[in-house]
Amino acid sequence: MASSPAPPSRRVVVCGGGVVGACTAYFLSTHAASPTVPTLVEKSAPACAASGKAGGFLALDWSDSTPALSALARASFSLHGRLAAALDGANAYGFRPVNTLSICLPSQPPAEPASPHPLLPSWVDPSASTAPPRVLGTPDTTAQVHPGLFTKAVLAASGAEVVIGEVERVVVREGRVVGVEVKGRGVVEADAVVLALGPWSGRFELVKEVFDVSGLKAHSIVLRPRNPDKITPHCLFLSYQPEPGAKMLDPEVYPRPTGEVYICGMSKDEDVPDDPATIVGEPDSIAMLHKIAGRVSSQLKTEEGAELVAEQACYLPCTNDGLPVIGEMPGVKGCYVATGHSCWGILNAPATGAALAELILDGQAKIVDLAPFSPARFLKKKSRRGV
Ligand SMILES: Cc1cc2nc3c(=O)[nH]c(=O)nc-3n(C[C@H](O)[C@H](O)[C@H](O)COP(=O)(O)OP(=O)(O)OC[C@H]3O[C@@H](n4cnc5c(N)ncnc54)[C@H](O)[C@@H]3O)c2cc1C
């Protein structure tokens, strides 16, 4: 009996080598029924932007007040656990469960030495928290990865062909995607294209016509403390008012299993530059992060022997309604988009990639309901000029 011919294999091009593009490549290539190894086109280097400079903090239930996001985050938190088991995440990219505390850092160090609160890790100076710290997460509900190493590990495991080049345009014929034009290389043909370009996604006419993506600049520093062995796996969410009447700041402190400590905060709306490689931090913001680090722990003072590893900045990809955009672009068959993950892109990339892989290869996402994330939700708000 003649068997029916196998369906033609699909050529998929993923644009953008951040965590969302890398996870999409991974879940396309590991799809159970139709594994499809994509081509990934990245302008600069994989994980060169927010995906390499983020904190890498993961939380199971911190999005529960928004049902759509809750489903994405819970599915993704669980996938992070599965990925860590499959890819030796503990050794390959610093995956580990963590304790998470909220701390009110006083404007001025107290005049009298403070006695340490029993919840405060030993490396945090007792004077860093005059009020008792609050438990925000336990090792069952919070975890972390090194975001750059995670992105590169999933991308490598996907087996995707990585092309370093700038995608200039999505090529569409009769309402269907046929490829992407890469600067200096011509058209890379494709049956499906995924735009995972973080805050750069909105630069494409085809996206701009439907929704806006903006960038929020945020800063971070990485320090190697004097005694890295003394730093325990406690992530800290701080509230800090540098002086009375000043704007409240909410910096975050993430010790990493490598012995380094990452501190981020200091965000502001700013246009995203063309080239991710040119993004640098502003001196005032970096100086404030050093001040905060020194107030949290004398282990983190460079003048007392902490080593400076990095001072950097990057852009969170933001949408007008605060939800990510994940799905097929209305009116352009075969063109998919995944962006706008704001401050949760490292957490939510696995479920985003898995859902997109199902949508592209099976015609429907099962792991999460993508309806709330569809780009079509913006159509009523923004009039299209046609494709
Ligand atoms: C300071 C900070 C801390 C954060 N901490 C956390 C955290 O703890 N947990 C968490 O879950 N999330 C965190 N985030 C958020 C997270 O980093 C982002 O949501 C996520 O990295 C976005 O990933 P992306 O792949 O969408 O975009 P990006 O990482 O921005 O990647 C986009 C890629 O597209 C490439 N590109 C752009 N234009 C083109 C083109 N024309 N052609 C080809 N390639 C192109 C860029 O070079 C870049 O590599 C943090 C973000 C910041 C800024």
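Atoms within a ligand are numbered from 1 in the order they appear, just like the ligands themselves. What you are looking at is a predicted structure, and each value in this text was computed from that prediction instead of being measured.
Contact analysis puts Gly165 in contact with ligand 1, with a non-hydrogen atom separation below 4.0 angstrom. Using a 4.0 Å heavy-atom cutoff, Tyr262 is listed among the residues neighbouring ligand 1. Within the 4.0 Å heavy-atom cutoff, Ser220 does not count among the residues contacting ligand 1. Assignment of Gly56 to the shell around ligand 1 is supported, since a heavy atom sits closer than 4.0 Å. The shortest heavy-atom distance from Thr339 to ligand 1 is not under 4.0 Å.
The heavy-atom pair separating Phe373 from Pro324 by the smallest distance is CD2-O, 3.5 Å. For Phe77 against Asp140, the heavy-atom pair with the smallest separation is CE2-O, 3.9 Å.
Closest to atom 35 (C) of ligand 1, if we only count protein heavy atoms, is Glu42 OE1, 3.2 Å. Of the protein's non-hydrogen atoms, Lys43 N, 3.2 Å is the one closest to atom 43 (C) of ligand 1. The protein heavy-atom contact nearest to atom 13 (C) of ligand 1 is Cys343 O, 3.2 Å. The nearest protein atom to atom 32 (C) of ligand 1, hydrogens excluded, is given as Leu197 C, 3.6 Å; this is a heavy-atom distance.
Atoms NZ and NE2, from Lys152 and His146 in turn, are 8.0 Å apart once rounded to the nearest 0.5 Å. The CD atom of Gln312 sits 10.5 Å away from the CG atom of Leu289 when rounded to the nearest 0.5 Å.
When non-hydrogen atoms are compared, ligand 1 lies under 4.0 Å from the backbone of Val41 (N, CA, C, O) but not from its side chain. Heavy atoms of Ser342 found under 4.0 angstrom from ligand 1 belong exclusively to the backbone. Residue Trp344 touches ligand 1 through backbone and side chain together, judged by heavy-atom distances below 4.0 Å.
Residues Asp275 and Lys43 are not paired through a salt bridge, judged by the lack of any N-O separation under 4.0 Å between the basic side chain and the carboxylate. With respect to Lys301 and Glu303, no salt bridge is recorded, no charged nitrogen being found less than 4.0 Å from a carboxylate O.
Annotation: Phe204 places no N or O atom under 3.5 Å from an N or O atom of ligand 1; distance criterion only. Checking only distances, Cys48 never comes within under 3.5 Å of ligand 1, N or O to N or O. Between Gly21 and ligand 1, a contact under 3.5 Å exists for no N or O pair. Considering both main-chain and side-chain atoms, Ser51 comes within under 3.5 Å of ligand 1 through a nitrogen or oxygen pair. Remark: ligand 1 and Val19 share an N or O pair separated by less than 3.5 Å (distance only, no angle test). Residue Ala218 has no nitrogen or oxygen atom sitting less than 3.5 Å from a nitrogen or oxygen atom of ligand 1, judged on distance alone. For Val20, a nitrogen or oxygen atom sits less than 3.5 Å from a nitrogen or oxygen atom of ligand 1, counting backbone and side chain alike. In terms of N/O distances under 3.5 Å, ligand 1 is not approached by Ala49.
Checked by atom type, the side-chain pair Tyr262/Glu252 shows no donor-acceptor distance below 3.5 Å. If you check the side chains of His341 and Thr352, you find a donor sitting under 3.5 Å from an acceptor.
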Open item on the list: Determine whether Glu243 and Ser107 satisfy the following criterion, side chain to side chain donor-acceptor pair (under 3.5 Å), listing intermediate values before the conclusion.
Closed with: CA-CA 6 Å; Glu243 53 200 60; Ser107 300; over 6 Å; no
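When the heavy atoms of Leu216, Val167, Val163 are ranked by distance to atom 42 (N) of ligand 1, first place goes to Val167. Between the choices Pro199, Cys314, Gly18, the shortest heavy-atom distance to atom 30 (O) of ligand 1 belongs to Pro199.
Listed by number with element, the atoms of ligand 1 under 4.0 angstrom from any heavy atom of Gly16 are 34 (O). Residue contact check: Phe57 has heavy atoms under 4.0 Å from atoms 7 (C), 8 (O), 9 (N), 10 (C), 11 (O) of ligand 1. Atoms of ligand 1 found under 4.0 Å from any heavy atom of Leu347 (numbered from 1 in listed order, with element): 10 (C), 11 (O). Within the listing of ligand 1, atoms 15 (C), 50 (C), 51 (C), 52 (C), 53 (C) sit less than 4.0 angstrom from a heavy atom of Leu316. The contact set between ligand 1 and Glu166, taken as ligand atoms under 4.0 Å from a residue heavy atom, comprises 41 (N), 42 (N).
Hydrophobic clustering of Ile, Leu, Val, Met, Phe, Trp and Tyr side chains at less than 4.5 Å, counting indirect connections, unites Val145 with Leu149.
Side-chain atoms of Arg10 come within 3.5 Å of backbone atoms of Ile360 as a donor-acceptor pair (strictly under, hydrogens ignored).
Residues Glu328 and Lys333 meet the side-chain proximity criterion, which asks for heavy atoms closer than 4.5 Å.
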